[in-house]
Structure formats: C-alpha cells, structure tokens
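First up is the structure itself, then whatever we jot down about it.
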Amino acid sequence: MAQPFRIATAGRLGKADPVRFTFDGKSFEGLHGDTLASALLANGVHLVGRSFKYHRPRGMVSAGAEEPNALVGVHRDAARRAPNVRATVQEIHEGLNAVSQNRWPSLSFDVGALNDLASPFFSAGFYYKTFMWPKAAWERVYEPFIRRAAGLGEAPDRPDPDCYANRFAHCDVLVIGGGAAGLSAALAAANAGARVILADEQAETGGALRYETGAMIDGMPGWNWAQAVTADLAARDNVRLLTRTTGFGYYAQNMVGLVERLTDHLVSPATDQPRERLWQVRAKRVVLATGAIERHMVFPDNDRPGIMLASAARTYLNHFGVTVGRNVAIYTAGDSAWQAALDLKRSGVSIAAIVDCRPDPQGPHVEEARRLGIECLTGHAVTGTGGRLRVSSIKVRPVSGGAERTIACDALLTSSGWTPAVHLFSQSRGKLAFDAETQRFLPGNAVQELVSVGACAGNIDLGETVAEALKAGHEAAGGVARKLPKLAADSTERWSGGMLGAGEGAGAESTAKAFVDFQNDVTAKDIRQAVREGMRSIEHVKRFTTTGMATDQGKTSNMHGLAIAAEMLDRPIPEVGLTTFRAPYTPVTFGALVGHGKGRLFEPVRRTPMHDWAEAHGAVFEDVGQWKRAWYFPQAGEDMHAAVARECRTVRQSAGIFDATTLGKIEVVGPDAARFMELMYTNPWQKLGVGRCRYGVMLREDGFIYDDGVVGRLAEDRFHVTTTTGGAPRVLNHMEDYLQTEFPDLKVYLTSTSEQWAVIAVQGPKSRDIIAPLVEGIDLSDDAMPHMSVREGMICGVPTRLFRMSFTGERGFEINVPADYGRAVWEAVWAEGEKHGACAYGTETMHVLRAEKGFIIVGQETDGTVTPHDAGLSWAIGKKKTDFVGMRGLARPDLVAPGRKQLVGLRTRDPKTVLEEGAQIVADPDAPVPVPMLGHVTSSYWSENCGHSIALALVAGGHERMGETLYVPMPEGAITVEVTSTVFFDEKGARTNG
Amino acid sequence: MADAIARTGALEGRFLNDEGITLVRAEPATRLLLRAPETALKPLSKALGLDLPQRPKASVSGGKRAALWLGPDEWLVIDENGGDLMEDCASVSAFHSAVDVSHRNTAVLVSGPRVEAVLNAGCPQDLSLDVFPVGACSRTVFGKAEVILWRTERDAFRVECWRSFSDYVFMLLEAASRDR
C-alpha cells in the first residue's frame with residue numbers, strides 16, 4: 001500500500017497531488033506539501049543516514065531546521081548535487097532524487113559501522129591523541145585517513161550552474177519568525193503603518209501552530225488564524241512577506257542577513273531563475289520571534305531510528321497526516337510531550353507508554369492520558385533501547401531504583417523541554433541571562449534596536465505571547481499606546497517542565513552511549529571524560545569533544561552538554577559558560593553569499609575606447625588591475641618574443657602607437673595648485689612654466705616612493721597630473737587625504753579625469769611626421785614645442801591636450817582626446833602611421849623600451865622600501881624645498897645609511913642569457929649556505945635594440961659597484977653578471993630631442 | 001584636416017526591455033565636475049543658470065541642464081543640449097574648480113515598476129520614494145562600481161558611472177533584471 005503511515009483523517013495535506021521521488025534509488029510516493037522527511041515517514045522509512053563517527057543507523061529526530069541526523073544528498077542533475085540537505089527542510093517535488101550519506105556499500109549494511117564496535121578507541125580527544133606519532137606516519141597514513149573520514153556528504157565536483165540574487169532592503173520593522181508571536185508582531189506593526197518585512201524559514205508561516213492543536217487565536221484554531229493573517233499581510237503594500245527565508249545572521253546597526261530559497265522546491269525552475277536570494281536588510285527595529293527548540297532526552301542508545309522529538313511527531317501527524325509508528329512510546333521530563341501521546345491516541349495510534357521521569361506530573365494532559373487508558377509511568381526512566389535499524393523496544397525502570405522492564409514499541413518520542421532560540425539575539429551582541437528556575441538562557445539587555453517575543457524570550461503562555469508580540473510590533477512601528485491592539489489567544493496546552501543533562505542510566509559510572517550531540521556522535525561519557533582530562537570551560541569541552549561543532553551547531557545538544565560539564569565540575573551552569581552563537585544560524589550556500597558576483601560579474605573588467613581596435617588587430621591582452629591592456633600585437637607566425645622584438649625595433653626605427661589610456665589622471669585646480677603640488681611631490685613646481693611638463697615623484701610620509709608620473713601645467717592654476725595605472729585611485733585618495741587633513745587652508749580642488757581622456761602615445765623618430773597632418777593650432781616644431789611640453793589644440797577636429805614626452809627615449813607625443821573620440825583619433829593616427837611604417841605596440845614593448853632607458857616602473861623597481869636616492873632619482877628632489885610629504889622620512893638614519901639597496905643595471909656575461917625577474921644576486925655563489933644575498937633582479941628583458949639582454953636590479957651599495965662582477969644563482973648554475981648603469985640605450989638622451 | 005568626428009559611447013547598442021524594467025543607454029551629454037566653496041555658489045549658479053543645491057542628495061534641473069549635489073563642495077552638472085559648461089563657468093572669478101568630465105562618465109537610464117528592486121540588487125541605499133524621492137541623487141555603489149544615482153521620475157533613475165565601468169554596470173543591471 002502506498003504511504004501506509006499516512007492517516008487520511010489527520011493533517012492538512014488532504015487531497016494534495018501525489019508526488020513521486022526517489023531515495024537511494026528506490027521510488028516512493030508522497031504528497032505535494034510534504035518534506036522529504038514526512039514523505040519518507042509516510043512510507044514507514046525512518047533510517048535515512050549513518051552517523052558521522054560511529055556510522056550508527058540514524059533517522060529523523062526533528063521536523064525542522066534543527067535536524068542533526070537526517071542529512072541527505074539531493075541530486076537534481078550531474079552538476080547540482082547538494083550534500084547535507086536536511087530531509088526535514090527539503091520539500092519534495094516530482095522527480096526529487098535524494099541519497100543517503102556516510103555509508104558503504106549500503107545504508108542498511110555499512111562497513112563503517114565497525115567504528116561503532118571500535119568505539120573505545122574513538123573517545124573524546126581521539127584526534128588530538130592518536131595521530132601524534134610517529135611523525136612520518138602523518139603524511140602517508142593519518143592525514144589521508146582523516147581527510148577521507150572528515151566531512152559529511154560529497155561536495156559537487158562541477159561548477160555551480162545556478163544563479164543567485166542579492167537584494168538590499170530597508171524597513172521600519174523586521175520580524176524574524178512567522179509563528180503566533182511573529183505574525184502578531186507583524187500584524188500590529190503593519191496596522192500602525194510601518195514598512196514591515198516578515199521572514200519565516202518554512203514554506204508556510206505558522207510556526208508551532210503547525211502542530212499545537214490546542215491553540216485558539218481570535219476565535220479561530222491557531223493554524224487557521226495564522227493562514228488568515230498571512231493572507232492579510234501578504235496583500236498589503238507596506239508588508240513584504242518572505243517564506244522559505246532564514247534570518248541567518250545579525251550584524252552591526254541592525255543589518256540582518258536573510259537567505260530566501262527560491263527553487264529547491266520546484267520541479268523544473270527556469271534556467272535564469274535565481275536559486276536563492278540573499279537579503280541584506282537594514283531595519284529600524286527588529287522583532288525576534290524565533291521560537292524555541294525542543295531537546296531530546298539523554299539516555300543509553302537514544303539514537304536509534306524511530307526515536308525522535310515529541311514535537312516532531314506532532315508535526316508529522318497534525319500537519320502532514322503521518323504517524324511515525326503504530327505503537328509509540330513517550331519519554332519526557334516536560335509537559336508538552338504528553339500532548340503528542342494524546343494526539344496520536346486520538347488518531348488511532350497505539351501508545352505503548354508515557355514515561356515521565358518526574359515523580360508526579362500534574363495537569364489536564366495527565367488526566368486526559370489516564371482517561372484514554374494510556375499507561376503512564378511517572379517517576380520512571382528509559383534506560384535503554386533495543387532494535388537494529390529501528391527502535392523495537394525500550395527498557396524502563398523507576399527512577400528511585402527497582403526492576404527493569406522491557407516495553408515493545410516502534411517509535412519513541414522524547415522531550416526534555418525547550419531551549420529558547422536566542423541565536424540571533426546573541427549574534428546581535430545582546431547578553432544572555434541564565435534563569436535558574438527554568439534552567440534557560442534568556443535574552444538579557446539588548447544592545448541593538450530589537451526586542452524578543454514569545455518562546456525565544458522564554459514565554460510559554462500563548463495569550464501572553466500574542467499580547468507581548470502585538471505590543472512589540474505596535475511599539476516598533478511607533479504606534480501610540482492608547483491604540484495598542486488586542487487579540488484573544490489561549491491554548492489548552494502546557495509547555496512547562498523539562499530537564500538538562502543526562503538522565504537515569506547515563507550517569508557518571510555508565511559506559512553506555514547516551515548521545516548528547518547526534519551529528520558529531522558525542523555522548524554524555526565524552527563530555528565527562530573531557531572534564532576529567534582537565535577541560536574547565538565549555539569552550540574547551542566543545543573543542544575537545546566536538547560537541548555542538550557540526551553543521552547543526554548543537555541546536556538540540558548544547559544545553560545538555562553544558563549541564564553535564566557543569567555537573568561534573570560541580571559549578572553552576574552560567575559559570576561554566578555558554579559557547580558563542582555565530583552566524584549563520586543554519587548553513588548558507590556560498591552561492592547565496594556570492595550572489596551576482598561570479599563569472600563576468602566577479603570583478604569589473606575595464607576596457608579602453610581603443611580596446612576593440614586592438615582586439616581586431618590581434619592583440620594579446622594582459623590584466624593590469626581591473627584593466628585589459630594590449631600586451632603585444634603578434635603578426636602571422638610570430639610568437640611573443642618575435643612580436644616584441646619587431647615592435648621594439650620599429651619604435652626606434654620609425655614609430656610605434658601605444659594605448660596609454662589607463663594611466664591615472666588628476667586635475668589639480670586652484671590658485672594654490674602649485675603650492676599643493678610642491679607638498680605632494682618631491683619636485684619643485686612653482687617655477688614650472690605654463691605649457692611645460694615635469695616628471696614627478698610622490699613619496700609616502702616614510703620617505704619611500706609611492707607613485708610617479710608626468711605632470712603638465714596647463715595654466716597658472718591648473719595641472720594635469722598623471723599617475724601609474726594601478727595607482728590612480730589610491731593616489732587621488734592620498735592627495736585628497738592630505739588636502740583635507742593637513743593642508744585644508746590651500747585653495748585647490750582635485751578631480752579624477754582618468755576616464756575623461758583617451759591617450760594615444762606616438763613614439764619614435766617619425767612621431768611628429770605622423771601626427772602633424774592631424775593637428776591643428778599647435779606648432780609642433782622643436783623650438784615651439786620642445787621635449788616635456790604640453791599644448792591644447794585640435795586633432796582630427798576634436799580638442800586635445802597634446803603632450804610632448806617620452807617613456808621610450810624617442811621623440812614622442814601623447815595625444816589626450818576626450819574618450820568618446822579615442823577610437824576615431826586612434827584610427828586616424830594609425831592611418832598616418834602606416835604611411836611611415838609604424839606599428840602598434842603593447843605593454844611588453846613599452847616595458848622593454850623604458851628599461852633600455854633605465855626608467856623605473858613603480859611597483860616593479862620599487863616595493864615600498866625604495867627611496868628616490870635608491871632608485872637613482874635624487875635629481876627629482878627639489879633641493880631648495882622646505883617641505884614635502886616624505887621629506888622628514890627621507891632623513892631617517894636607515895634611509896641615509898650606506899649599503900642600502902640601490903638600482904643598477906646588470907649585463908649578463910653571455911649576452912643571450914635573460915635573467916629571471918625576482919632572482920637573487922650574490923657576490924660569491926660558492927660561499928657557504930646561507931649565502932649572503934645582495935639584492936634581486938627587478939626587470940629583465942631581451943633587448944632587440946641593444947642586441948643583448950638587459951636587466952635592472954636592486955643591489956646593496958649598488959651605486960658603488962659599477963663594473964663589479966656578481967652572480968645570479970639558478971638551479972642550473974650561477975649566471976655571471978656585470979653591474980652597469982641603468983641606461984642601456986642612447987645614454988646621452990639625444991634621441992628624445994632629435 | 002579630418003572633419004570633426006562623432007562621439008562613440010561605451011554602451012553603443014546596449015538595450016534591455018524586460019517585464020517591468022527597461023535599460024537604455026543615455027544620450028551623450030556635456031558634464032562638469034564642479035568643486036567650489038560656498039562663497040562661489042552665487043556667481044556659479046548665475047553663470048550656469050541653475051541654483052546649485054546645497055542639501056544632501058538634492059538636485060535641481062531646468063530644461064535639459066541639471067546640477068546634482070555630490071558633497072558639501074561638489075556637484076555634477078549635466079547638460080543634454082550640448083551646452084558648453086566649461087565656457088559658462090570661465091567667467092566666474094571666485095575660487096572654484098570646473099573640470100570637464102563629459103566623456104569620463106556614461107549613463108544608463110533604468111526605468112519601470114521594478115526599478116527599485118533592480119537597483120537594490122547592488123546598491124545598499126534605501127530607494128523607497130519617501131527616502132529617495134524624485135529628484136534625489138547620491139554618489140553610491142552598485143555592486144563593485146561607483147555610481148551616481150539620480151531619480152528622474154517615480155519609476156526612473158539615471159545611473160551615471162565611469163566609462164570603463166559601464167559594461168559591468170550594464171551587465172549587473174541585466175542580471176538584476178532577471179531576478180523577478
């Protein structure tokens with residue numbers, strides 16, 4: 001019979017459509033609206049996994065997000081294979097394919113279960129003790145073993161094909177949790193006119209009303225009221241209702257992270273539909289209505305499939321219409337579990353017994369159980385269970401001692417009371433207060449704008465819960481006191497009682513496996529052993545035993561573990577401490593956190609206006625920061641070496657055209673512009689004439705080179721500053737920082753113009769001939785426009801700032817035109833260039849040509865520890881200046897000490913040998929290890945123009961070593977080099993002007 | 001001598017019209033980045049023909065020219081009629097800095113009933129009409145790019161960004177548009 005454990009008269013799925021799904025390859029039928037857990041239980045399947053350490057058979061413990069056991073893989077297709085999905089959360093859909101984990105070869109016969117027999121060897125702290133020696137065994141034996149055993153589930157091995165969305169949101173009132181408390185708060189806040197966001201982790205709101213059949217609110221059964229209010233709220237413009245949405249993290253200033261699951265419950269989501277959406281909500285007020293989590297009882301062999309929380313069995317029955325067994329026993333220390341027996345009994349399920357460890361529980365539920373003829377064993381404890389893949393019996397004896405009795409059952413429901421879900425409150429940095437009377441940690445003083453209501457605040461009375469939630473919502477929305485809304489709410493159910501720690505039969509002398517933490521297989525014995533071995537703080541106990549460290553973060557187990565440790569230490573619970581609650585509340589996918597920021601949107605890719613031209617002309621690109629820059633332009637049959645050699649030759653013989661758009665540009669404007677420049681750069685600027693340029697060096701306060709670039713003076717009060725490509729944003733910040741904090745009296749403003757201008761460098765002896773036909777209104781003659789000058793005029797009919805400057809050592813121009821004209825002007829220049837045999841060249845050739853001239857690149861020749869003196873740029877420091885950023889830093893003793901690493905040229909003895917950048921330099925390669933290292937190679941290239949390799953290097957006392965022979969040790973042997981000047985080509989610099 | 005050439009923007013041909021959202025490349029405009037102390041605001045306002053706003057997030061517009069407050073001494077002035085903003089300010093002798101950024105920025109016009117949700121995919125600001133009314137503007141972030149948002153109508157924003165970031169901004173807008 002299909003779904004033999006479905007009870008037609010129970011639950012709310014009623015005539016829902018049947019849904020077929022598979023578990024471990026076997027086909028099952030469930031109903032639309034089922035979770036994987038409820039659907040499996042409807043088919044009588046409790047065994048769904050093997051435990052992490054001992055591979056013990058395990059079944060569903062809960063019916064919600066706190067589930068420690070029922071973790072399965074859900075495989076939508078080859079790429080979508082999600083591990084560790086909680087069967088109690090995953091909704092089924094047609095064709096859902098779930099598989100069990102941590103078992104081989106099969107779930108019912110698992111070789112790893114041998115670990116259970118060997119469990120004396122796997123005691124607490126096992127990992128810390130066992131794998132210590134011999135040392136050699138670590139790599140070959142221990143690590144592979146641990147790696148295979150570690151982790152639960154199999155990570156998918158293909159890229160995630162799904163997309164994920166991100167949304168920032170603001171609201172007046174954010175309510176987390178859609179049970180009686182959350183709905184009341186949201187309703188009151190919405191009625192008061194506030195912008196409300198209500199998030200609930202389940203597919204439908206309702207919370208505990210899902211199973212609390214004794215609740216009546218506003219004259220309706222609780223569940224019906226919840227659905228009516230939800231429909232009301234969903235229809236309002238000022239309410240955003242988010243189901244399947246978990247509030248997982250509470251951050252500073254009421255920023256709360258929510259993750260909304262959009263497609264995991266759908267049969268075939270559209271390909272462009274996000275799987276999940278991350279909400280980053282900034283709320284004026286937060287109402288936490290996160291409820292409470294039921295704890296299991298700790299007793300020997302309390303982990304067999306079929307043993308679950310009482311509230312879970314009620315959920316399966318009252319919501320899903322599924323009974324978890326035919327003959328069900330209850331073991332409890334609190335009142336709420338009695339209701340499970342009553343519900344089941346009324347649905348025709350046999351109750352084997354209610355075992356309550358309290359001597360004399362009282363109340364209508366007790367009377368009703370007796371009236372229904374259920375055997376009520378008060379003052380009794382369950383001291384053991386039988387069964388292999390499913391519980392088949394329990395052992396019961398009086399707490400006061402006496403004969404043990406075995407009672408047959410096919411399910412056992414346990415409850416030791418309720419732990420308020422204070423996770424988000426604690427994440428908000430609110431302090432928890434221990435309530436000794438009820439043995440609970442409750443929210444203390446809040447430090448952010450939030451309020452906790454209902455069960456998470458320790459309230460166990462429905463009427464009070466609804467009243468305090470209405471008040472909280474109303475006040476959070478700024479409602480006036482006299483308009484405080486009211487709702488009649490009452491429940492026949494009781495939530496009192498409970499206990500913490502191990503029960504009878506799992507006491508200090510017991511060697512039985514009484515599980516505290518199901519997911520990490522931690523028993524009461526393990527906790528005690530940790531204390532015996534010297535752990536005093538719960539933080540230590542936790543790490544030694546791993547209790548509470550699994551993906552469920554000990555939602556059902558932490559309080560038990562703490563109580564057992566406290567008992568062993570004979571100290572009150574608050575003194576032993578509570579481990580920190582950290583985000584996320586439940587696991588969050590990386591995809592949700594990454595959101596849109598993957599693939600093409602991982603990082604902005606910046607392209608210049610000439611990019612497409614370069615691409616069409618075969619350019620190979622390199623990444624420079626976020627920019628794509630043309631690296632070299634190989635022609636047919638050329639490799640990089642050949643292309644760069646040709647480009648280098650062509651520039652010096654004729655001309656080359658280069659896209660320099662990416663250089664940073666800053667416009668410095670104001671009557672104090674020159675004074676400001678004097679302070680920011682080492683160079684003198686006051687006397688730089690309008691229309692002239694200067695190479696500027698910028699230092700940090702500590703005297704080290706920060707950036708460099710050519711600066712043109714366009715007017716008395718206007719400078720066009722260029723920076724390195726990578727330095728553009730930080731140089732502007734650096735300048736703005738000093739302007740605002742150190743020199744606020746200066747009348748000057750800074751504006752980034754990096755992207756205003758496309759820059760076309762034309763370099764080489766033919767450069768003037770190439771641009772001359774295109775330029776209008778500028779005299780290009782050497783007299784009128786010498787090297788290092790700037791003119792404004794027209795090119796190709798559009799405005800230009802034309803620089804005569806050179807980073808190649810050739811006569812050169814840099815044409816700045818407004819960016820939208822860049823491509824057209826480039827093509828015009830290219831057409832002229834072709835008449836002169838010019839080439840387009842990329843960054844590699846630019847690097848080689850500048851190295852031939854000994855020009856440094858900041859970040860290549862410098863590394864944040866290089867002064868202008870070290871770099872051979874002493875000439876760029878204004879000798880008469882009285883102040884500039886870095887001036888005092890430069891005078892520090894270490895910066896003027898002899899023997900500093902200084903920039904030199906290197907020539908290899910074999911001219912064909914090209915050194916490796918970064919290679920170390922030594923005086924004697926045969927010196928005993930450690931060989932004293934003198935410095936390293938910063939730049940190294942084959943120079944086609946020189947006919948030999950060239951290199952720049954930082955070498956200790958380098959300026960005094962001209963002509964010395966040094967060595968670059970390499971794996972194949974030391975390379976002999978000679979220390980030279982940094983200028984390898986046209987040492988007199990005649991070509992720049994010629 | 002070549003004839004004057006036309007502007008070629010960064011988002012040539014880019015367009016998206018999806019359910020409830022439209023992305024259109026803005027027409028080329030003249031832009032001015034204005035920095036000025038309070039003392040220069042009067043003559044600058046007169047020269048530009050706009051009352052430079054002094055309230056955070058405020059803008060003023062008249063005809064096809066608008067000034068957007070970016071900071072206590074900073075404005076972005078946009079002219080969609082091709083007016084010469086630099087020339088207009090040239091006559092003002094009071095200390096200020098006017099820099100032509102016509103080509104530095106490019107803009108996407110984002111409109112439709114879903115506009116707030118689409119922009120909130122990458123912008124952390126509260127864009128609800130009460131907090132970000134028509135005419136409001138702000139220099140902020142959209143994903144990993146700096147942008148200037150300007151609400152031109154109830155359901156329409158102008159998103160200004162630097163030229164080379166426009167491809168990223170447009171793609172992120174497209175991705176956000178798919179999140180219905």
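Chain identifiers are assigned alphabetically (A, B, ...) following the order of the sequence lines, protein sequences preceding nucleic acid strands; residue numbering begins at 1 within each chain. Because only heavy atoms are used, hydrogens play no part in the values below, and waters and symmetry mates are left out as well, while side chains stay in.
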Next item on the list: Please round to the nearest 0.5 Å and tell me the distance separating atom NE2 of A/H611 and atom CG of B/D167.
Entry: 9.5 Å
Item checked: Value rounded to 0.5 Å, distance of CG in A/L262 from CZ in B/R180 -> 12.5 Å
Determine yes or no for a side-chain-to-main-chain donor-acceptor pair under 3.5 angstrom, with [X] supplying the side chain and [Y] the backbone.
{"X": "A/Q756", "Y": "B/H103", "result": "yes"}
{"X": "A/N166", "Y": "B/A121", "result": "yes"}
{"X": "A/H170", "Y": "B/P124", "result": "yes"}

Side chain / backbone / both / neither for [X] at chain B, heavy atoms under 4.5 Å:
{"X": "A/R823", "value": "neither"}
{"X": "A/V825", "value": "both"}
{"X": "A/V798", "value": "side chain"}
{"X": "A/Q626", "value": "side chain"}

Item checked: Proximity breakdown for B/A36 and chain A, heavy-atom pairs closer than 4.5 Å ->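 Backbone only.
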Determine whether more than 12 heavy atoms belonging to other residues, nucleotides or ligands lie under 6.0 Å from atom [atom1] of [X].
{"X": "A/Q253", "atom1": "CD", "value": "no"}
{"X": "A/K747", "atom1": "NZ", "value": "no"}
{"X": "A/D237", "atom1": "CG", "value": "no"}

Item checked: Shortest non-hydrogen separation from B/S164 to A/R607 and the atoms involved -> CB-O, 3.7 Å
Just so I know, are the side chains of [X] and [Y] near enough to count as touching, which here means a heavy-atom distance under 4.5 Å?
{"X": "A/F168", "Y": "B/C123", "answer": "no"}
{"X": "B/K144", "Y": "A/E603", "answer": "yes"}
{"X": "B/M171", "Y": "A/V605", "answer": "no"}
{"X": "A/Y749", "Y": "B/P37", "answer": "yes"}
{"X": "A/D820", "Y": "B/R163", "answer": "yes"}
{"X": "A/T751", "Y": "B/R104", "answer": "yes"}
{"X": "A/R600", "Y": "B/Y168", "answer": "no"}

Next item on the list: Carefully, step by step, assess A/E736 and B/R35 under the rule salt bridge (charged side-chain N to carboxylate O under 4.0 Å, His left out).
Entry: CA-CA 13 Å; A/E736 191 70 63; B/R35 304 282 310 263; 3.7 Å; yes
Item checked: Residue selection (most heavy-atom pairs with chain B, distance under 4.5 Å) from A/A758, A/G595, A/S752, A/A673 ->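 Maximum pair count with chain B is reached by A/S752.
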Note to self: Shorter than 4.5 Å, heavy atoms on both sides: which option in A/W757, A/Y164, A/W627 has the most such pairs with chain B?
What the structure shows: A/W627
Item checked: Among B/T106, B/V118, B/N120, residue most engaged with chain A (heavy-atom pairs, under 4.5 Å) -> B/N120
Item checked: Most chain A-contacting option - heavy-atom pairs closer than 4.5 Å, from B/N105, B/L172, B/V169, B/T8 -> B/T8
Notebook entry, point to check: Between A/K284 and B/D126, is there a side-chain N and carboxylate O pair less than 4.0 Å apart?
Noted result: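 No.
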Next item on the list: Please list, in residue-number order, every residue in residues 90-102 of chain B that has a heavy atom less than 4.5 Å from any heavy atom of chain A; write 'none' if there are none.
Entry: B/F95, B/H96, B/S97, B/A98, B/V99, B/D100, B/V101, B/S102
Check: Using non-hydrogen atoms and a limit below 4.5 Å, what part of residues 20-34 of chain B faces chain A?
Finding: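 Within residues 20-34 of chain B, the residues under 4.5 Å from chain A are B/L33.
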Item checked: Neighbourhood of chain B inside residues 271-283 of chain A, taking heavy atoms under 4.5 Å as contact -> A/D272, A/P274, A/R277
Indicate every side-chain donor-acceptor pair of residues 131-141 of chain B with a distance under 3.5 Å to a residue at least two apart or in another chain.
residue	atom	partner	partner atom	Å
B/S138	OG	B/Q125	NE2	2.7
B/R139	NH1	B/E74	OE2	3.0
B/R139	NH2	B/E74	OE1	2.8

